[in-house]
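Convention: sequence-line order gives letters A, B, ...; per-chain numbering from 1. Below, each value reflects all heavy atoms present in this structure, side chains not excepted, and no hydrogens, waters or symmetry copies.
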Amino acid sequence: MPNSNKTYIAELKNNVGRQVTLSGWLYNSRASGKIQFLIIRDGTGLCQCIVEKAKVADELFSRLKRLGQESSLTITGTVRADERSVGGYELTVTDAKIVSPTTDYPITPKSHGTDFLLKHRHLHLRSQRQWCIGKIRHTIIDAIRRFFNDNGFILIDTPIITATAGEDLQSLFEVDYFGSPLHLTQTGQLHVESAAMSFGKVYCFGPTFRAEKSKTRRHLTEFWMVEPEVAFIDLDGLLELAENFVSFIAADVLQNNKSQLETLGVDSATLEKIKPPFYRLTYTKVADILTGQKTRDFLAQQLEELKNQKQQLETKIAELEKQQTGQLKQWQKDKIAAELIELRSTLGEVDTRIENNPKHAKLAAEFQWGKDLGGSDETIISQMHDKPVFVTHYPKEAKAFYMKTDRDEEGVVLNFDLLAPAGFGEIIGGSVREDDYDLLLARIAEYGLDVENYRWYLDLRKYGSVPHGGFGLGVERTVAWLTAEKHIRQCIAFPRLMDKIYI
RNA sequence: UCCCCGAUAGCUCAACUGGUAGAGCGAGCGGCUGUUAACCGCUAGGUUGUAGGUUCGAGUCCUACUCGGGGAGCCA
């Protein structure tokens, strides 16, 4: 095996004119009598390899011709720049070695259903789309770590098995810990607060578990969350930190994943907009907006647009259905059929939105100060903006026990949610923490939590309490937002969904 | 937990009001020197999710169940 000059596809641009050897898998192939086009993937990209019958041994030519998708092989040839090729470079093949031939690879280059793909997730990870998302996820995670490391934050690894509940008690996964019931962490926040009193600026980054009965495109039961926590910080400081942080991530993706964004069909202009300052609204302001004329007009207009869109789709579908019955080549009929499936699914989505619009309008109009913002309310606010929006100062009844009440306005807490624009919704939740011992104790009791479990947490208010706060950013939601991926389950390699684990 | 939709070849989907289950992809064989989800010809591939029911006749209608998708509530 000529291994001495092994090259990765990503490095082809530096090797034009040279002979190189690639190792990878057969992604797709097209063949004719005397020429074959093999698309090879090697983890760094795709490369079209040209096999001409005249330039290789006959036996090799025919073996390559019947080589199945996802067979592994090493392939040697000369690098050429060529516009017609994926990635702009191709290989004129002189030799190849089949490492392991494959037959009947289940995932074809045609379309597949979600269930099928999730059942084959171990193989689906090789697909272009999953590969692009995986690369971007990697950039995001790397950016997260770098942002904090370069800004003086210390990484603290918080426990996964815990006795304290950070969020809602109903969404806990219980663990039988040598006979006593503990649970999987919902947040590292309480622990990371303790570390902030030692290091000043800290963050934790790990998996989080929530047994929410939420079967939506925005929920996983196991997801990754990064949670910075800072001593001596106020709400304004947190907002600034959060907007710089999110902007840094977006800029990093833009810089490192141009081609992946392009493959995914993401308009990079939307990412370029993600720059400070983000919009800042108080909860009370949001409540006014939701119940006001602006929202009524906005939703009415949206409904009009949706109805128009529906009509256009229906016209298009009718046209295609008519065409389909005419005299056409089989492949043309197939193309139309594929297009119809696509259009019908879009139509279904539009129908759902039309159906939901009045419900959302009603929910918004009847919004009562004091309630938490519903998903639809968030969506409305988020749709009204082209940049992320901070919503701050929620009523304390709607929020967690540890959030600090606004001393100027006792009914609200010093918290914030960050809503991603264009209807994407919440990606960050954060707050200034209650730092007064007595007030915190009262809140713990109010929430019906066992004070004994929170003794250590209360101690932080006893020994040198300081104003402090932090937030949590959901990694998969951020990935979904930045890649414009509709479903969060595509944003982690092996998703854990409510009641459903595939692999 | 609630509401809506669906289940037909390995995969993605067809089958008008109940009347002999059909394409493409994939697989196999053959053809084609620049293909881009290549194309063209041939071949194989099915107890229509499961269990009942209505009917002369059920993929199609009814009931239950199982599985899947979407939405609601809740959240990162």
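Using atom P as the reference point in both B/rC67 and B/rA76, the two lie 30 Å apart (nearest Å). With P as the reference atom, B/rC25 and B/rC40 are 7 Å apart, rounded to whole Å. Spacing between B/rG10 and B/rC5 at atom C1', rounded to whole Å, works out to 25 Å. Taking atom C1' in both B/rU60 and B/rU43, one finds a spacing of 31 Å when rounded to whole Å. Rounded to the nearest Å, the gap between the C1' atom of B/rU66 and that of B/rG30 is 45 Å. Taking atom P in both B/rC56 and B/rG41, one finds a spacing of 45 Å when rounded to whole Å.
Between A/Lys34 and A/Glu52 there is no salt bridge, since no side-chain N of the basic residue sits under 4.0 Å from a carboxylate O of the acidic one.
One interatomic measurement links the two molecules: CZ of A/Phe116 to P of B/rC67, which rounds to 20 Å at whole-angstrom precision. In this structure, NE2 of A/His112 is placed 10 Å from C1' of B/rA37, rounded to the nearest angstrom. Atom CZ in A/Arg218 sits about 10 Å away from atom P in B/rA72, given to the nearest Å. As a whole-Å value, the separation of A/Glu378 CD from B/rA76 C1' is 10 Å. Here the C1' atom of nucleotide B/rG6 and the CD atom of A/Glu349 are 16 Å apart, to the nearest Å. Atom-to-atom, CG of A/Asp115 to C1' of B/rG10 comes out at 15 Å; the value is rounded to the nearest Å.
For the strand RNA chain B, secondary-structure stems (runs of at least three Watson-Crick or G-U pairs, all distances below 3.5 Å) span B:1-7 with B:66-72, B:10-13 with B:22-25, B:27-31 with B:39-43, B:49-53 with B:61-65.
Residue-to-nucleotide contacts include a donor-acceptor pair under 3.5 Å from the side chain of A/His219 to the base of B/rC75. Between the base of B/rU35 and the side chain of A/Gln36 there is no donor-acceptor pair shorter than 3.5 Å. For A/Glu90 and B/rG34, a side-chain-to-base donor-acceptor distance below 3.5 Å is present, hydrogens and geometry of angles not being considered.
In this structure, A/Gln48 contributes its side chain and A/Leu38 its backbone to no donor-acceptor pair below 3.5 Å.
Taking the six-membered ring for Trp and thresholds of 30 and 60 degrees, A/Phe278 and A/Phe390 have ring planes inclined between 30 and 60 degrees apart.
Residue contacts shown for A/Arg353 are absent, as no nucleic acid heavy atom lies under 4.0 Å away. Within 4.0 Å of A/Ser85, counting heavy atoms only, lies no atom of the nucleic acid at all.
With RNA chain B read from its 5' end, the first of the two nearest nucleotides for A/Thr114 and A/Asp82 is the one closest to A/Asp82.
For A/Phe298, there are no ring-ring contact (aromatic ring centres under 6.0 Å, His included) partners, not counting sequence neighbours.
Among the nucleotides B/rA76, B/rC75, B/rC32, the one closest to the side chain of A/Ser32 is B/rC32.
Within the 4.0 Å cut-off from OP1 or OP2 of B/rA38, at least one side-chain nitrogen or oxygen of A/Asn28 is found.
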